[in-house]
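Take a look at the structure set out below.
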Amino acid sequence: MKDGMKAVALGNFDGLHKGHISVLENTLCAAQKLGIAATALIFDTHPMAQLMGRAPDLIMTAQSRDEKIKTMGKMLDEKITIEGLFTPV
């Protein structure tokens, strides 16, 4: 594996519906083709909470999401803090 390089799926993944699963699977596929690690870089707070002051209801808990991502294959899950990344308009 190439050191330090990663294919990244970025999001909150508040519920692993078909769209989220597709993003994660495509990230895994790209990582395998390139011989690099795959990671799900997960916002710890839904971006809408920062941008609009209110986030949509979660479809699943963060713990359930993290467990599901780990069952998808060699996908690492990392959390990032988004406070301060976005400025409401």
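Although no hydrogens or angles enter the test, the distance criterion places a donor-acceptor pair under 3.5 Å between the side chain of Thr27 and the main chain of Val23.
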Could you go through residues 8-17 and list every donor-acceptor pair under 3.5 Å that involves a side-chain atom there, pairing it with any protein atom two or more places apart or in another chain?
unit_1: Asn12; atom_1: ND2; unit_2: Phe43; atom_2: O; d: 3.0
unit_1: His17; atom_1: ND1; unit_2: Gly19; atom_2: N; d: 3.1
unit_1: His17; atom_1: ND1; unit_2: His20; atom_2: N; d: 3.4
unit_1: His17; atom_1: NE2; unit_2: His20; atom_2: ND1; d: 3.4
unit_1: His17; atom_1: NE2; unit_2: His20; atom_2: NE2; d: 3.4

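Nearest heavy atom pair, residue Arg65 against residue Met60, reads CA-SD, 3.7 Å.
Put simply, Ile69 and Ile59 are part of two different groups of oily side chains (I, L, V, M, F, W, Y) that touch within less than 4.5 Å, one to the next.
Residue pairs satisfying the side-chain hydrogen bond (donor to acceptor under 3.5 Å, both in side chains) criterion with at least one member in residues 55-64, sequence neighbours excluded, are listed as follows: Thr61-Ser64, Gln63-Glu67.
Legend: residues meeting side chain to side chain contact (heavy atoms under 4.5 Å, CB included) with Leu28, ordered by chain and number and at least two apart, are Ala38, Met72, Met75.
To the nearest 0.5 angstrom, Leu34 atom CG is 15.0 Å from Lys6 atom NZ.
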